[in-house]
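Order of appearance sets the numbers: ligands from 1, and atoms from 1 within every ligand.
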Amino acid sequence: MDSGNLWKPPSQADIKRPLILAVEDNEDNLDLLQTVLMLMDYSFVAARDGNTGLSIAQQYQPDLILLDMMLPDIEGIELAHQLKQNEQTKAIPIIAVTAMARAQDRERAINAGCNEYITKPYDMEELEGLIKHYLLNNDTV
Ligand code: MN
C-alpha cells in the first residue's frame, strides 16, 4: 500500500490519550509501531517524510516523536534540529530510531536534540519502556 503522506487526524475518542507521532517511511515498521502503540492505548499519527513530520508536529503537538533517521526528503538529524529550534515543538521528546548502530550515529542524534536513540529492529519491550518513561516525564513538567 502506498498512501503517500496521507494520515488520519486523531478522532474524538483519541483526545485524552497521549498522541505519538512516528516519522517513518517504511510501511512494515509503521505497521509494527501502530500495532504496539494501539495495544498500549496511545493514539498514533504517521508521517512518511521529514517535512510532513515537521508540519504534523507543529499542528498537533504530539506528546512524543519517534523519528526514523533515514527519511526520503531530509535527514532525521536535520529534522530533529528543526524541531528543537522551533518554539512550538522544542519541548516534545524525540526518540531516534535507526538501523545504524555506530557510536558516532548515536552521538549525532543526541547532539541534534534527540532524547534517546534505539536501533532497528525494534526491541518492543525497550521501546515500550522508553515511551512510558518520556510520556511520564513530560506529564510531570
Ligand atoms: Mn527510513
Side-chain angles (χ1 to χ4, degrees), residues 1-139 141:
M1 179 189 77
D2 179 18
S3 45
N5 290 319
L6 292 178
W7 54 280
K8 278 197 260 175
S11 72
Q12 202 63 25
D14 287 335
I15 281 174
K16 278 177 286 185
R17 296 190 292 165
L19 175 64
I20 298 184
L21 165 63
V23 187
E24 167 67 81
D25 60 316
N26 181 286
E27 291 298 327
D28 291 337
N29 284 330
L30 273 180
D31 284 349
L32 193 65
L33 285 175
Q34 179 157 27
T35 302
V36 170
L37 296 174
M38 282 174 67
L39 285 171
M40 294 174 79
D41 204 30
Y42 298 135
S43 45
F44 171 85
V45 291
R48 289 167 177 81
D49 65 58
N51 287 308
T52 306
L54 186 61
S55 51
I56 291 178
Q58 288 171 338
Q59 191 175 357
Y60 281 86
Q61 302 286 303
D63 298 286
L64 180 73
I65 298 171
L66 298 172
L67 178 58
D68 178 24
M69 291 285 99
M70 304 271 275
L71 295 167
D73 53 349
I74 57 175
E75 271 196 88
I77 292 282
E78 174 56 28
L79 178 55
H81 266 301
Q82 291 185 23
L83 288 164
K84 290 298 167 183
Q85 281 166 11
N86 186 302
E87 283 298 318
Q88 291 172 285
T89 55
K90 68 180 186 185
I92 304 170
I94 302 172
I95 300 177
V97 288
T98 175
M100 301 177 293
R102 297 173 303 178
Q104 66 263 39
D105 296 321
R106 182 176 203 286
E107 205 173 293
R108 283 185 74 211
I110 300 297
N111 287 342
C114 297
N115 299 72
E116 200 39 88
Y117 177 100
I118 61 171
T119 52
K120 293 187 232 183
Y122 301 112
D123 176 329
M124 285 303 159
E125 280 186 21
E126 182 187 18
L127 184 61
E128 282 190 34
L130 284 174
I131 289 170
K132 284 179 183 164
H133 173 79
Y134 283 106
L135 290 179
L136 206 69
N137 279 5
N138 220 28
D139 283 346
V141 169

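Judged by distance alone, with hydrogens and angles left aside, the side-chain atoms of Lys120 form no donor-acceptor pair with the main-chain N or O of Thr98 at under 3.5 Å.
Put simply, the residue from Leu64, Val36, Leu33 that forms a side chain to side chain contact (heavy atoms under 4.5 Å, CB included) with Ile20 is Leu64.
Note that the CD1 atom of Ile131 and the CG atom of Leu66 stand 5.0 Å from one another [nearest 0.5 Å]. Taking CG from Asp73 and CZ from Arg48, the interatomic distance works out to 13.5 Å, rounded to the nearest 0.5 Å.
At a cut-off of 2.8 Å, Met69 does not coordinate the Mn ion (ligand 1) through any N, O or S atom. Put simply, Glu24 stays out of reach of the Mn ion (ligand 1), with no N, O or S atom under 2.8 Å from it.
Between the OD1 atom of Asp25 and the OD2 atom of Asp68, the angle centred on the Mn ion (ligand 1) amounts to 80° when rounded to 10°.
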